[in-house]
**Student:** 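A single structure is presented below for examination.
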Number of protein chains: 2
Amino acid sequence: MCVTFVFYFKVMSENLKLSNQVCFPVYTLAKEVINLYRPMLKDLDLTYPQYLVMLVLWESGEQHVSEIGCKLHLDSGTLTPLLKRLEQKKLIERNRNKNDERIVQISLTPSGKKMYEKAECIPDQMASSFNIPINQLQELKEIIEQILIQINK
Amino acid sequence: MCVTFVFYFKVMSENLKLSNQVCFPVYTLAKEVINLYRPMLKDLDLTYPQYLVMLVLWESGEQHVSEIGCKLHLDSGTLTPLLKRLEQKKLIERNRNKNDERIVQISLTPSGKKMYEKAECIPDQMASSFNIPINQLQELKEIIEQILIQINK
DNA sequence: CACAATTAAATTGTACACAATTTAATTGTG
DNA sequence: CACAATTAAATTGTGTACAATTTAATTGTG
């Protein structure tokens with residue numbers, strides 16, 4: 001009886017159950033947090049990756065495409081079209097570097113700089129729309145940053 | 001002197017610095033973990049979202065497009081073309097429900113079922129490629145799941 | 001029963017994300 | 001100096017992700 005039991009039921013490996021996946025909640029959370037940003041960013045007519053590019057330009061000023069890519073972990077295949085869209089919206093300028101024509105310098109236009117003022121309230125808006133204790137968010141951030149260091153070793 | 005200091009330096013709000021963003025590490029981790037899956041999934045000729053669909057089919061068997069969408073938080077705009085690709089690869093079948101023609105039933109083909117055996121090693125491979133202590137991963141998963149519950153309230 | 005409302009997928013359109021390749025400029029080496 | 005190697009972006013192609021709309025089937029209500 002015990003033997004037939006073993007033969008009749010092929011047990012689903014616990015490992016492959018959705019509920020036991022670690023990556024799945026990370027993937028889901030990333031999408032859902034970006035969905036929370038969406039209405040706020042819509043007011044600025046920005047997508048989340050476009051907002052990230054604006055953040056690094058506000059923080060560090062004019063820089064190469066590859067510097068932005070390094071900070072945001074994005075390659076030129078993603079950035080080139082994204083930057084062209086920001087250029088069309090007159091938020092940035094793209095100029096070839098005079099000393100090295102391979103390099104494209106990305107800089108903010110006056111209206112790109114001005115958008116900073118409108119964006120300042122976003123972190124607080126997010127924090128309130130998103131009813132999680134600060135210490136829990138801090139803990140999440142620290143664990144993820146440790147894991148990212150491990151992955152990138 | 002102090003007054004001129006205030007006027008001359010416009011201070012970047014700490015809130016908008018990339019290093020203080022919580023969403024950015026979540027977004028980065030999701031992409032990087034999917035990149036770790038990529039070489040393993042390439043052997044199965046699956047993308048990460050396709051792998052997730054296979055997981056729910058292996059776990060729960062035949063089901064509606066919308067049931068898969070509910071479990072994976074994906075809509076028909078994403079799932080319809082993805083499922084057509086899995087169908088082209090002969091891993092699944094798509095059939096209209098006889099009782100309600102609006103519903104499309106998704107079921108595994110024999111080769112879709114068989115792929116389960118090849119996929120069984122993936123969680124262990126991931127765990128080893130990814131040098132993070134198990135308890136830290138467990139903690140990450142628990143925090144994220146709590147946050148997802150909050151967000152979906 | 002008729003028909004408005006609802007539902008499930010599919011479709012359309014925009015925007016990443018990334019692999020692989022190409023183009024053009026610069027650097028290193030014989 | 002010539003030319004192979006390298007580098008930075010751009011390009012090409014595939015596959016999500018999601019908003020908005022459409023299509024077709026079903027349900028609810030007068």
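Letters go in sequence order (proteins before strands), and every chain restarts at 1.
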**Student:** When you measure from the side-chain N and O atoms of B:Q50 to the phosphate of D:dT16, is any distance below 4.0 Å, counting only OP1 and OP2?
**Tutor:** yes
**Student:** Return the value, rounded to whole Å, for the distance between atom OH of A:Y48 and atom P of C:dA15.
**Tutor:** 19 Å
**Student:** When you measure from the side chain of A:R102, which nucleotide among C:dA15, D:dG15, D:dT7 comes out closest?
**Tutor:** D:dT7
**Student:** Give one of base, sugar-phosphate or nothing for B:L74, where a contact means two heavy atoms less than 4.0 Å apart.
**Tutor:** sugar-phosphate
**Student:** Rounded to whole Å, how long is the line connecting atom CG of A:L72 with atom P of C:dC18?
**Tutor:** 11 Å
**Student:** Please figure out whether B:D75 or A:P81 has its closest DNA chain D nucleotide nearer the 5' end.
**Tutor:** A:P81
**Student:** Report which part of the nucleic acid A:I34 touches: base, sugar-phosphate, or nothing (heavy-atom distance under 4.0 Å, all strands).
**Tutor:** nothing
**Student:** Do the side chains of B:M54 and B:L86 get nearer than 4.5 Å, heavy atoms only?
**Tutor:** yes
**Student:** CZ of B:R85 versus C1' of C:dA10: gap in Å, rounded?
**Tutor:** 14 Å
**Student:** Taking CG from A:L79 and C1' from C:dA19, how many angstroms apart are they, rounded to a whole number?
**Tutor:** 15 Å
**Student:** Assign B:L82 to base, sugar-phosphate, or nothing according to its heavy-atom contacts below 4.0 angstrom with the strands shown.
**Tutor:** sugar-phosphate
**Student:** Send over the distance from A:E101 CD to C:dA24 P, rounded to a whole Å.
**Tutor:** 13 Å
**Student:** Considering only side-chain heavy atoms of A:K42, which listed nucleotide, D:dG15, D:dA20, C:dC18, is closest?
**Tutor:** D:dA20
**Student:** Given atom CG of A:N35 and atom P of D:dA19, what is their separation to the nearest angstrom?
**Tutor:** 6 Å
**Student:** Please figure out whether B:I103 or A:K98 has its closest DNA chain C nucleotide nearer the 5' end.
**Tutor:** B:I103
**Student:** Any salt bridge linking A:K84 with A:E87? Criterion: basic side-chain nitrogen under 4.0 Å from a carboxylate oxygen.
**Tutor:** no
**Student:** What is the distance from CG of B:D45 to C1' of C:dA19, rounded to the nearest Å?
**Tutor:** 14 Å
**Student:** Does the structure show a Watson-Crick or G-U wobble partner for D:dG30, both distances under 3.5 Å? Name it, or say none.
**Tutor:** C:dC1
**Student:** Once rounded to the nearest 0.5 Å, what's the spacing between atom CG of A:L72 and atom CZ of B:F24?
**Tutor:** 5.0 Å
**Student:** Across the strands shown, which category fits A:N99 at heavy-atom distances under 4.0 angstrom: base, sugar-phosphate, nothing?
**Tutor:** sugar-phosphate
**Student:** Any strand counts, and the cut-off is 3.5 Å on both contacts for Watson-Crick or G-U wobble. Which nucleotide pairs with C:dT21?
**Tutor:** D:dA10
**Student:** From D:dA9, C:dT26, D:dC18, pick the nucleotide closest to the side chain of B:T78?
**Tutor:** D:dC18
**Student:** Using only modelled atom types and a 3.5 angstrom limit, is any donor from either the side chain of B:T80 or the base of C:dA9 paired with an acceptor on the other?
**Tutor:** no
**Student:** Let's see if you can work this out: which of D:dA8, C:dA9, C:dC16 has an atom nearest to the side-chain heavy atoms of A:T47?
**Tutor:** C:dC16
**Student:** Determine whether A:K71 and A:E67 satisfy the following criterion, salt bridge (Lys or Arg N to Asp or Glu O under 4.0 Å), listing intermediate values before the conclusion.
**Tutor:** CA-CA 6 Å; A:K71 287 169 188 160; A:E67 289 176 294; 5.5 Å; no
**Student:** For A:S66, report the nucleic acid contact type (base, sugar-phosphate, nothing); a contact means any heavy atom under 4.0 Å.
**Tutor:** sugar-phosphate
**Student:** Below 4.5 Å, heavy atoms only, C-beta onward: do A:Y51 and A:I122 meet side chain to side chain?
**Tutor:** yes
**Student:** Please state whether the rings of A:Y48 and A:Y37 are parallel, tilted or perpendicular, taking 30° and 60° as the class boundaries.
**Tutor:** tilted
**Student:** Can you find a donor-acceptor pair, distance only, under 3.5 Å between B:S76 side chain and C:dA10 base?
**Tutor:** yes
**Student:** B:I68 CD1 to C:dA10 P: how many Å, rounded?
**Tutor:** 11 Å
**Student:** Output yes when at least one side-chain N/O atom of A:K84 is less than 4.0 Å from OP1 or OP2 of C:dT14, else no.
**Tutor:** no
**Student:** Please tell me which of A:R38 and A:V65 maps to the more 5' nucleotide of DNA chain D, matching each residue to the nucleotide holding its nearest heavy atom.
**Tutor:** A:V65
